[in-house]
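What follows is one structure encoded as structure tokens, with my remarks underneath.
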Amino acid sequence: YFIVYCFLNLVKKRKKFILIKVDSSRIGHLLYFTDFFFRTLSVGTEKFEDHEIIGFSQKPSCNDYFMNILKRKIRIYSFNVPIFKFIFQSLKGAKFFYNIPVDNYADFDLRKKSKVVFKFTDEDKKRGRSLLKRMGIGENDWFVCFHARSKEYLKTNSKKLYGSDLDFSYHDFRDQSIYDFKKATEFITSKGGYAIRMGRDEPNKINFNNEKVIDYATNYWSEFGDIYLSAHCKFFLGSNAGITVAPFIFNVPTIMTNYIPLCGLIPNEDTVRAVPCKIWSKKYNNFLSYKEIFSNKIWSFSTSEEYEKA
């Protein structure tokens, strides 16, 4: 509590400031909501004028590299998870605290009016070219990133990010096999491109028998690479996972496959396409029609248990 007291006193000494929560527990949350916040500033939707913007976050974070990008824009203080949660609860309702809205996924207008707000430094670009070279990709080559959501990341990092081992199996229904993308990678490489398998803490290497399919997830992974590659690929082929927000905030065309639940589509029709997941009915022994899905609220199910009981 002494740390909290010192922090609050420190920020209160500043005459004009706005305090924001930086949710660094999950890559999707970290990227999307900070991107939304700075895009609103760039178009004048939120006007803090001469106020200093100060952020507070938890440590460790899901991606320290992106946190450093944020720190180029604003001052951020990081705390261990219990203190971070305590500060957030203590600040609710405070006039100087701006709580970034969590219902902004349908803000099409903002996406169209604003430009990319996060930039790579020359040193970042040099580092990125070095990474691509190590993977055998030249400066004139093009590549596509592909990713299949799995349970491994949260299973491995839950305790570090949340302070305890949590059970995230309730949304295992969003997982899919990386081999679902095999034919897509064959098409990409037949056109002269490279296909880079994204992911983190994946225990199994892939074997597509294709030298232009690169298993970055198990051979080259880094927090920097997750952001840089996603921002510089020709397009991103993924599923309903947090990492797909990385290409999204850099306006990189994104195809989201096996997308479920249907209520969670990321906006921006100019750069994002989503292929809905087919839903099989054990009761009727067939795939459900869209009419059946939407008339029975199946479209909004967010847990594996709901699908099992339906």
Handout entry: Six-ring centre of Y259, R174 cation under 6.0 angstrom, axis tolerance 45°
Key = no
Is it true that, when you exclude [X] itself, more than 12 heavy atoms of the residues, nucleotides or ligands shown sit nearer than 6.0 Å to its [atom1]?
X    : atom1 : result
K155 : NZ    : no
K151 : NZ    : no
F168 : CZ    : yes
K297 : NZ    : no

Is any side-chain N of the basic residue among [X] and [Y] closer than 4.0 Å to the acidic one's carboxylate O?
X    : Y    : value
E123 : R127 : no
K115 : D35  : no
K126 : D122 : no
R200 : E223 : yes

Exercise for the section: Say whether, by atom type as modelled, one donor and one acceptor occur between the side chain of Y307 and the main chain of F173 under 3.5 angstrom. Expected result: no
Practice task
For A148 and E202, work out which heavy atoms get closest and say how close.
Solution key: O-OE2, 4.5 Å
Problem - Contact check, side chains of I196 and C233, non-hydrogen atoms, under 4.5 Å - result: no
